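Notes to accompany the following structure.
Note that the coordinates shown come from a computational prediction; the quantities given were computed from them, not determined experimentally.
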Amino acid sequence: MFLPVGRGLLLSGIALGTGQPSSAQHDTPVALPVVEIWSPRVANQESAGTFAMPVTALRFEPLIDVQSRNFAEGQSDIAIRGGTFANTGFSVGAVAIYDPQTAHYTAELPLAGEMLASPIVRVGADQALAGGRGTAGSVGFGWRPIESGGALGGALGGFDTQSGDLYIGAASATGWGVDAALATSRSAGTIENGDHDFSRANVRVQHRTANSQSDIALGYQEKFFGWPNLYTPYNSPESENLQTVLLVANHRIQWAEANELQVGAYYRRNKDDYAFDRFAAVGPVHPFQHTTWVYGAAVDGRIAVPGDRAAVRFSADASADEIDSTSLLYGRFDSRTMWRTAVFPEIRWAQSGAAATVLTAGAAYEDTNREEGAFLPMVELAREDATARWSRLAVAFTTTSQVASYTALNASTTGGLFRGNPDLGRSRAGTLDVRAEGRFAEWEVEASAFWRRDDDLVDWVFRRGVTARAAKAVDLDTVGVELFARRSWRALDLQLGYSWLHKDADYGDSTLDGSFYALNFPEHRLTAAVTWRALPGFEIRWDNEARLQTDNPLRRVGGDETLLSDLGLYWRPRGAAGWVYSLQIDNLWNSHFEEVPATPAGRRLVAVGARYAW
């Protein structure tokens with residue numbers, strides 16, 4: 001049953017994980033009395049400043065650090081376990097979607113949230129098994145089954161902010177369905193030259209049976225936004241103009257003995273027109289204009305022997321990309337093909353009661369037509385017992401790898417704002433991971449500790465007196481602890497997260513003054529998501545993030561400590577079925593903390609909205 005919430009939708013009484021049936025043990029959903037369609041681990045599912053995007057559900061996710069410019073839906077770097085934005089992968093169904101110019105734009109997925117299942121954050125063994133291009137972790141989305149119905153909503157806020165969206169879905173008894181979505185927003189911005197103008201359109205066709213689902217979706221998104229110091233620390237009124245097209249197809253089937261197979265393919269085109277000074281006169285050729293094309297296909301699955309005592313998990317993907325740029329002209333190549341194959345046998349030993357020991361071991365091989373390949377072994381040993389206090393205990397060692405973006409490879413080494421390095425090679429990472437999942441009284445608990453070694457990680461660094469950032473390889477050791485706890489009462493849901501990180505970096509260069517990304521991380525980060533059903537028809541949603549950031553000489557305002565909060569109030573009046581009215585406040589405490597060093601924070605934004613769902 002769908003119930004409206006603000007400008008999103010609320011899915012009540014349905015457990016969320018992949019959004020589709022799955023035998024994969026790590027994708028097993030956990031039901032809560034009230035579960036949001038965007039993410040079950042945060043309270044507010046939307047932004048006060050614009051319509052919801054896939055990144056919206058990640059803003060207060062305990063396992064993800066979202067470092068935003070303007071606001072999260074404008075431009076955000078998604079970091080997992082102390083990695084950089086380039087170390088995080090994204091997948092939709094079977095395919096890993098990426099942007100070859102720069103991973104700043106990998107999260108540009110022009111897909112409506114009503115079409116996607118809740119995001120799954122994959123780290124450690126889960127990341128190695130799922131594939132993709134992230135060395136620290138990845139975010140995966142499944143495809144939501146289409147239901148007949150729809151919703152229309154809009155909102156008005158401070159700084160001349162306005163947004164609206166429409167979703168319509170129709171499903172037949174034969175298993176065929178179609179849905180479509182439109183969304184738009186604009187604002188003068190919470191600071192000068194911080195305006196935006198966004199729009200998105202989607203259409204999808206789906207066919208479902210008892211054990212399969214096929215989806216074909218087309219999305220188009222335009223995003224113009226300005227922000228001082230968007231990418232550089234020189235007090236310039238910068239702007240971006242992004243136009244993203246995504247065509248993606250996916251088919252998933254399951255059958256007896258926990259067997260499953262998923263295949264997918266996609267085409268993505270991204271146009272980027274970046275301006276260092278949006279008001280400067282330009283000629284017919286803009287100085288920072290880029291277009292990228294990516295074609296990709298993938299398959300993954302799990303084949304079990306009778307009795308499910310052994311199985312083989314496997315995956316394979318291939319992609320080809322190309323860039324046309326007015327500034328990235330100094331590298332060795334402007335097109336590349338990449339491929340990856342992986343096989344992971346799994347053996348299960350049943351023990352007394354419901355307990356079992358599971359050994360998963362195997363390897364992946366990644367290669368391109370431009371760089372050397374990489375052999376990537378992985379092993380995980382786990383004990384599972386659904387009846388025990390600790391339902392799953394696991395230790396794993398995994399290896400991952402990736403290659404550099406065209407911005408890092410093809411930018412000039414001697415001039416310009418962004419200075420590249422054509423000799424950057426393949427980055428490799430090895431991760432030792434210990435994880436536990438359990439239940440104590442009414443609390444669901446997850447805990448992990450990890451050590452990751454990154455070799456030749458690509459970072460962007462800064463020297464005083466040099467008016468540019470430069471791409472540079474770094475060897476990095478990262479140690480971390482992550483804790484998560486969740487409990488629900490009749491009128492209250494509470495979710496708590498904590499992470500601790502420590503890094504040791506070797507750049508081989510003592511003259512560096514700062515790191516924009518690899519050394520911009522929270523030493524301590526605490527999240528708290530509260531959903532309080534205060535009165536019949538009235539709900540309060542409150543997301544909080546307290547962080548102690550490591551010192552960075554580029555950070556000028558807001559210090560290294562902050563408390564960030566978003567608050568939402570929702571009212572469903574009696575006698576007006578389908579209607580919801582909302583009041584949302586982003587950056588409740590009006591924090592000036594620079595999530596990206598030298599990039600100013602947005603101010604507090606208040607918006608009121610109304611939505612009707614049928």
Does a side-chain N-to-carboxylate-O contact under 4.0 Å join [X] and [Y]?
| X | Y | result |
| --- | --- | --- |
| R428 | E372 | yes |
| K472 | D459 | no |
| R302 | E260 | no |
| D433 | R81 | yes |
| R69 | D77 | yes |

Assess the residue pair D165 and Y167 against the criterion (side chain to side chain donor-acceptor pair (under 3.5 Å)); give the C-alpha distance rounded to whole Å, side-chain angles, the decisive distance to 0.1 Å, and a yes or no.
CA-CA 7 Å; D165 64 278; Y167 172 80; over 6 Å; no

Report yes or no: do [X] and [Y] form a side-chain donor-acceptor pair below 3.5 Å?
| X | Y | value |
| --- | --- | --- |
| Q289 | T326 | no |
| S185 | S163 | no |
| S138 | Q127 | yes |
| N70 | Q75 | no |
| T174 | S172 | yes |
| S47 | T50 | no |
| E73 | T56 | yes |
| N211 | T209 | yes |

Just so I know, are the side chains of [X] and [Y] near enough to count as touching, which here means a heavy-atom distance under 4.5 Å?
| X | Y | result |
| --- | --- | --- |
| T599 | Q67 | no |
| L129 | M378 | yes |
| P119 | R41 | no |
| L111 | F141 | no |
| Y330 | P422 | no |
| F418 | L328 | no |
| R204 | W143 | yes |
| W176 | I146 | no |

Could you list the residues that satisfy salt bridge (Lys or Arg N to Asp or Glu O under 4.0 Å) with R340, not counting sequence neighbours?
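E366.
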
For D455, all residues meeting salt bridge (Lys or Arg N to Asp or Glu O under 4.0 Å), sequence neighbours excluded:
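D455 satisfies salt bridge (Lys or Arg N to Asp or Glu O under 4.0 Å) with R453 once adjacent residues are dropped.
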
Search all heavy atoms of [X] against all heavy atoms of [Y] and return the closest pair with its distance.
| X | Y | value |
| --- | --- | --- |
| T292 | P100 | CB-CG, 3.7 Å |
| V42 | E61 | CG1-N, 3.6 Å |
| A201 | L182 | CB-CD2, 3.6 Å |
| R200 | P110 | CD-C, 3.9 Å |
| G49 | T161 | O-CG2, 3.5 Å |
| G140 | R122 | CA-NH1, 3.5 Å |

Pairs flagged by salt bridge (charged side-chain N to carboxylate O under 4.0 Å, His left out) wherever residues 83-109 is involved - sequence neighbours left out:
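Residue pairs passing salt bridge (charged side-chain N to carboxylate O under 4.0 Å, His left out), neighbours aside: D99-R268, E108-K223.
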
Hey, is the main chain of [Y] close enough, under 3.5 Å, to the side chain of [X] for a donor-acceptor pair?
| X | Y | value |
| --- | --- | --- |
| N369 | T337 | yes |
| E238 | L230 | yes |
| T291 | K271 | no |
| Q402 | A86 | yes |
| S76 | I78 | no |
| R452 | A136 | no |
| N44 | D566 | yes |
| D300 | S315 | no |

Give me the one residue out of V92, T106, L109, I64 that meets side-chain contact (heavy atoms from CB on, under 4.5 Å) with V139.
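For V139, the side-chain contact (heavy atoms from CB on, under 4.5 Å) check succeeds only for I64.
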
Would you verify whether the NZ or CZ of R336 falls within 45 degrees of the ring axis of Y406 while also being under 6.0 Å from that six-membered ring's centre?
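The answer is yes, since R336 meets both limits relative to Y406.
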
Would I80 and L63 count as a side-chain contact (heavy atoms from CB on, under 4.5 Å) here? Give the steps.
CA-CA 6 Å; I80 295 177; L63 298 180; 5.7 Å; no

Got a sec, which residues hit ring pair (Phe, Tyr, Trp, His ring centres under 6.0 Å) with F71, two or more places apart in sequence or on another chain?
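In terms of ring pair (Phe, Tyr, Trp, His ring centres under 6.0 Å), with neighbours along the sequence ignored, F71 is linked to H196, F198.
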
Going by the rule side-chain contact (heavy atoms from CB on, under 4.5 Å), which residues pair with V343 if we only count those two or more places apart in sequence or in a different chain?
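With neighbours one apart ignored, the set is V312, P345.
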
Partners of D272 by side-chain contact (heavy atoms from CB on, under 4.5 Å), sequence neighbours excluded?
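For D272, the residues satisfying side-chain contact (heavy atoms from CB on, under 4.5 Å) (neighbours in sequence not counted) are Q101, Y105, E240, L242, N270, Y274, H290.
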
List the steps, then state whether salt bridge (Lys or Arg N to Asp or Glu O under 4.0 Å) holds for R59 with D586.
CA-CA 11 Å; R59 292 176 303 164; D586 284 2; 3.8 Å; yes

Working note: F375 + T399, criterion side-chain contact (heavy atoms from CB on, under 4.5 Å); need CA distance, chi angles, decisive distance, verdict.
CA-CA 9 Å; F375 179 73; T399 53; over 6 Å; no

Could you walk me through whether S319 and R133 pass the side-chain contact (heavy atoms from CB on, under 4.5 Å) check?
CA-CA 11 Å; S319 63; R133 289 177 172 79; 2.8 Å; yes

Would you find more than 12 non-hydrogen atoms of other residues, nucleotides or ligands less than 6.0 Å from I216 atom CD1?
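Check fails, neighbour count at 12 or below.
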
Decide side-chain contact (heavy atoms from CB on, under 4.5 Å) for F516 and T84; before the verdict, give the C-alpha distance in whole Å, the side-chain angles of both, and the deciding distance to 0.1 Å.
CA-CA 9 Å; F516 279 93; T84 72; over 6 Å; no

Evaluation steps, ring-ring contact (aromatic ring centres under 6.0 Å, His included), between F276 and F288
CA-CA 8 Å; F276 172 67; F288 300 102; 7.8 Å; no

